[in-house]
Q: 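Have a look at this one.
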Amino acid sequence: ASAPPTVSLEPLSIEIVPSTGQNDTEMTVNGRGWNPGAFVTVEYHLTVGNGTGSTATVLVDDRGRFTTLLAAHDPNGLPGAHEVTADDGAHQASATFTATN
């Protein structure tokens, strides 16, 4: 018999690497503190908050972590702060990507 997944004790968070770059930079999004077995949708948003269509869906591992790739794609190519969000339907976290173009 397998042990049930444990609830992560880490605080819910996402980290993006790199957090700065040109439009269409490919970033790695790392999540911690999520519910094991949950599916998380990761999205890149314009400076005004609207989605850009750059999304990924990833499965959380047994330790409450995930890693996925996401393009920092803004169809308008605007420089400045853009929001990366992660959402599993019950929990949300965000981080900022700064576009340099």
Side-chain angles (χ1 to χ4, degrees):
S2 63
T6 58
V7 174
S8 176
L9 298 178
E10 296 179 296
L12 185 78
S13 66
I14 61 169
E15 173 194 37
I16 53 176
V17 179
S19 60
T20 303
Q22 296 181 345
N23 193 38
D24 290 322
T25 294
E26 185 174 77
M27 70 184 96
T28 300
V29 181
N30 298 304
R32 293 175 178 254
W34 297 83
N35 289 332
F39 284 96
V40 176
T41 301
V42 181
E43 295 182 296
Y44 186 73
H45 296 270
L46 299 171
T47 53
V48 294
N50 295 329
T52 64
S54 182
T55 65
T57 300
V58 62
L59 179 64
V60 178
D61 71 15
D62 290 342
R63 297 181 309 156
R65 297 179 179 184
F66 68 82
T67 297
T68 191
L69 297 175
L70 188 70
H73 176 71
D74 179 341
N76 300 315
L78 297 174
H82 290 67
E83 186 178 36
V84 176
T85 61
D87 189 326
D88 68 1
H91 306 95
Q92 299 84 31
S94 64
T96 300
F97 180 86
T98 303
T100 59
N101 23 335

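Since we're looking at a predicted model, the values are computed, not measured.
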Q: Can a donor-acceptor pair be found, under 3.5 Å and without considering hydrogens, that links the side chain of Asn101 to the backbone of Asn23?
A: yes
Q: When rounded to the nearest 0.5 angstrom, what distance separates CG in Leu46 from CD in Glu83?
A: 11.0 Å
Q: Roughly how far, to the nearest 0.5 Å, is the CG atom of Leu59 from the CZ atom of Phe39?
A: 4.5 Å
Q: On a heavy-atom basis, which atom in Pro36 and which in Asp62 lie closest, and how many Å separate them?
A: CG-O, 3.7 Å
Q: Taking side chain as C-beta onward, heavy atoms only, is Val84 less than 4.5 Å from Met27?
A: yes
Q: Under 30°, 30 to 60°, or over 60°: which ring-plane class applies to His91 and Trp34, parallel, tilted or perpendicular?
A: perpendicular
Q: If we ignore hydrogens and angles and just use 3.5 Å, is the side chain of Thr98 paired with the main-chain N or O of Thr20 as donor and acceptor?
A: no
Q: Taking the side chain from Asn76 and the backbone from Leu78, do they hold a donor-acceptor pair closer than 3.5 Å?
A: no
Q: For Leu70 versus Ala56, what's the shortest heavy-atom pair and its separation?
A: CD1-N, 4.0 Å
Q: Calculate, to the nearest 0.5 Å, the distance between atoms CG and CG belonging to Asp24 and Asp74 respectively.
A: 9.0 Å
Q: What's the separation between atom CG in Asn30 and atom CZ in Phe66, rounded to the nearest 0.5 Å?
A: 8.0 Å
Q: Take Tyr44 and His73, measure what ring pair (Phe, Tyr, Trp, His ring centres under 6.0 Å) needs, and give me the verdict at the end.
A: CA-CA 7 Å; Tyr44 186 73; His73 176 71; 8.2 Å; no
Q: Quick check: do Asn35 and Val60 have side-chain heavy atoms less than 4.5 Å from each other?
A: no
Q: Working to the nearest 0.5 angstrom, can you tell me the gap between Glu26 CD and Leu69 CG?
A: 4.5 Å
Q: Do you know which two heavy atoms are closest between Ser54 and Ala71, and how far apart they sit?
A: OG-O, 2.6 Å
Q: Does any donor atom in the side chain of Thr41 or Asp87 lie under 3.5 Å from an acceptor atom in the other side chain?
A: no
Q: Is Glu10 paired with Arg65 through a side-chain N to carboxylate O contact shorter than 4.0 Å?
A: yes
Q: Within a radius of less than 6.0 Å around CD of Gln22, do more than 12 heavy atoms belonging to other residues, nucleotides or ligands occur?
A: no
Q: Do side-chain atoms of Ser19 reach the backbone of Ile16 as a donor and acceptor pair under 3.5 angstrom?
A: no
Q: Would you say the side chain of Thr67 lies within less than 4.5 Å of the side chain of Thr28, judging by non-hydrogen atoms?
A: yes
Q: Determine whether Thr85 and His45 make a side-chain contact, defined as any pair of heavy atoms from C-beta on separated by less than 4.5 Å.
A: yes
